[in-house]
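Here is the structure we will look at.
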Amino acid sequence: MTKNPPAAVAFEPEFMKGLREIFEERIVFNRVMGLKITELDSEHVCGRIEMKPELVGHFLHHRLHGGVISASLDAMGGLAAMAAIGARHMDEPILQRLQRFMKLGTIDLRIDYLRPAIGDHFDLRAQVLRLGSRVASTRMEFFSASGKLLSTGAGAYIIS
């Protein structure tokens, strides 16, 4: 007998607003990269980075710096973990769930660079593969504006 996966949790607007503020504004490096949330639910998160001169890694080819790819995939993996944690603790007040973000930290990260990142913007996607009591395991993807897969990532995050 197979078990149906749990339905996506609908977050309160206040939780979504708080999570967006932490992720896009308070985490300064995300703000520097211009990383924005485009979709967020308990099962997956999506984001976007607009290309800008400060993010160029190879000046002749106008390619995005690999560090930006790595950092943005890491950030999206953390956001996916936070969304899953938020869904697990819906019985807690919103502020208490948001404060769980402060305890989150990367403990392992692997990035595979598949193709050069050239374009006017890039889309990112992340999901939690497993949410344990202390560690969340995630998978992340980095796409060109046309939808071509440019990089992938896998991360582990301490959540307690």
Side-chain angles (χ1 to χ4, degrees), residues 4-52 55 64-106 109-115 117-132 135-157 159:
N4 290 331
V9 172
F11 293 123
E12 309 90 340
E14 297 85 9
F15 180 78
M16 301 278 283
K17 181 181 177 192
L19 204 53
R20 186 178 301 275
E21 180 183 332
I22 291 167
F23 186 80
E24 294 180 355
E25 300 300 325
R26 291 191 185 171
I27 300 175
V28 177
F29 196 63
N30 289 354
R31 191 173 64 223
V32 168
M33 290 188 298
L35 185 53
K36 300 290 184 187
I37 299 170
T38 57
E39 289 182 45
L40 177 97
D41 65 35
S42 60
E43 296 180 342
H44 78 286
V45 296
C46 297
R48 177 171 282 189
I49 292 179
E50 300 291 334
M51 185 59 159
K52 55 186 180 179
L55 303 179
L64 188 66
H65 193 285
V68 174
I69 295 169
S70 177
S72 62
L73 286 173
D74 182 21
M76 293 300 291
L79 181 63
M82 189 56 216
I85 293 165
R88 177 183 276 178
H89 296 282
M90 290 297 287
D91 58 322
E92 295 178 353
I94 291 169
L95 185 57
Q96 187 174 348
R97 278 185 281 147
L98 289 171
Q99 287 174 340
R100 289 178 175 278
F101 210 123
M102 308 316 155
K103 297 177 182 179
L104 190 106
T106 307
L109 182 66
R110 176 191 168 87
I111 304 298
D112 290 313
Y113 301 96
L114 308 174
R115 294 176 183 85
I118 300 170
D120 61 350
H121 74 269
F122 306 96
D123 294 310
L124 299 90
R125 184 170 52 211
Q127 69 181 88
V128 172
L129 301 175
R130 182 179 186 282
L131 181 64
V135 175
S137 298
T138 65
R139 176 177 45 216
M140 301 83 75
E141 299 169 311
F142 192 94
F143 298 92
S144 69
S146 66
K148 186 175 280 191
L149 183 62
L150 304 177
S151 295
T152 62
Y157 301 85
I159 59 173

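With contacts defined as side-chain heavy-atom distances shorter than 4.5 Å, the pair Leu124/Leu35 qualifies. Side-chain contact between Leu150 and Ile118 is absent, with no heavy atoms from C-beta onward closer than 4.5 Å. Counting heavy atoms from C-beta outward, Glu25 and Arg20 have side chains that stay 4.5 Å or more apart. Contact check for Glu12 versus Met90: side-chain heavy atoms found under the 4.5 Å cut-off. Between Leu55 and His65, the closest side-chain pair of non-hydrogen atoms is not below 4.5 Å. Looking at heavy atoms from C-beta onward, Lys17 lies out of side-chain contact with Ile22 at the 4.5 angstrom threshold. Considering only heavy atoms from C-beta on, Thr152 stays 4.5 Å or farther from Arg139 through its side chain. For the pair Ile159 and Val135, the minimum side-chain heavy-atom distance is 4.5 Å or more.
When atom types are taken as modelled, the side chain of Arg110 and the backbone of Gly155 share no donor-acceptor pair closer than 3.5 angstrom. Distance alone, capped at 3.5 Å, is enough to place a donor-acceptor pair between the Arg88 side chain and the Leu131 backbone. In this structure, the side chain of Thr38 engages the main chain of Cys46 through a donor-acceptor pair within 3.5 Å. Listed for the Glu24 side chain is no donor-acceptor partner under 3.5 Å among the backbone atoms of Asn30.
Here the straight-line distance linking atom CD of Gln127 with atom CG of Asp41 works out to 10.5 Å at 0.5 Å rounding. Rounding to the nearest 0.5 Å gives a distance of 11.0 Å between CG of Leu64 and NZ of Lys52. With rounding to the nearest 0.5 angstrom, the CZ atom of Arg100 is 12.0 Å from the CG atom of Leu95. Atom-to-atom distance recorded for Leu79:CG and Met140:CE is 11.5 Å, nearest 0.5 angstrom. A distance of 4.0 Å separates CD1 of Ile49 from OG of Ser72, quoted to the nearest 0.5 Å.
Shown here are the ring-ring contact (aromatic ring centres under 6.0 Å, His included) partners of Tyr157, two or more places apart in sequence or in another chain: there are none.
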*After noting the C-alpha distance and the side-chain angles of Asp91 and Arg97, does the key distance pass the side-chain contact (heavy atoms from CB on, under 4.5 Å) rule?*
CA-CA 9 Å; Asp91 58 322; Arg97 278 185 281 147; over 6 Å; no
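Here the closest heavy-atom approach between residue Val45 and residue Ala83 is recorded as CG1-CB, 4.2 Å. Ala145 approaches His121 most closely through the heavy-atom pair CB-CE1, 3.3 Å. Closest non-hydrogen pair, Ile111 versus Gly153, comes out as CD1-CA, 4.0 Å. A pairwise comparison of heavy atoms in Ala80 and Val128 identifies O-CG2, 3.3 Å as the closest pair. Taking each heavy atom of Gly77 and Ala126 in turn, the nearest pair found is N-CB, 4.0 Å. The heavy-atom pair separating Met51 from Gly119 by the smallest distance is CB-O, 3.2 Å.
Using a 4.0 Å cut-off between a side-chain N of Lys or Arg and a carboxylate O of Asp or Glu, Lys36 and Glu50 do not qualify as a salt bridge. Classification of Arg48 and Glu39 as a salt-bridged pair fails, no side-chain N sitting under 4.0 Å from a carboxylate O.
Outside the 6.0 Å centre-distance limit, the rings of Phe143 and Phe122 are not counted as a close aromatic pair.
Listed by first then second residue, pairs satisfying ring-ring contact (aromatic ring centres under 6.0 Å, His included) with a partner in residues 15-49 read Phe11-Phe15, not counting sequence neighbours. Residue pairs meeting the salt bridge (Lys or Arg N to Asp or Glu O under 4.0 Å) criterion with at least one partner in residues 141-155, sequence neighbours excluded, are Arg125-Glu141.
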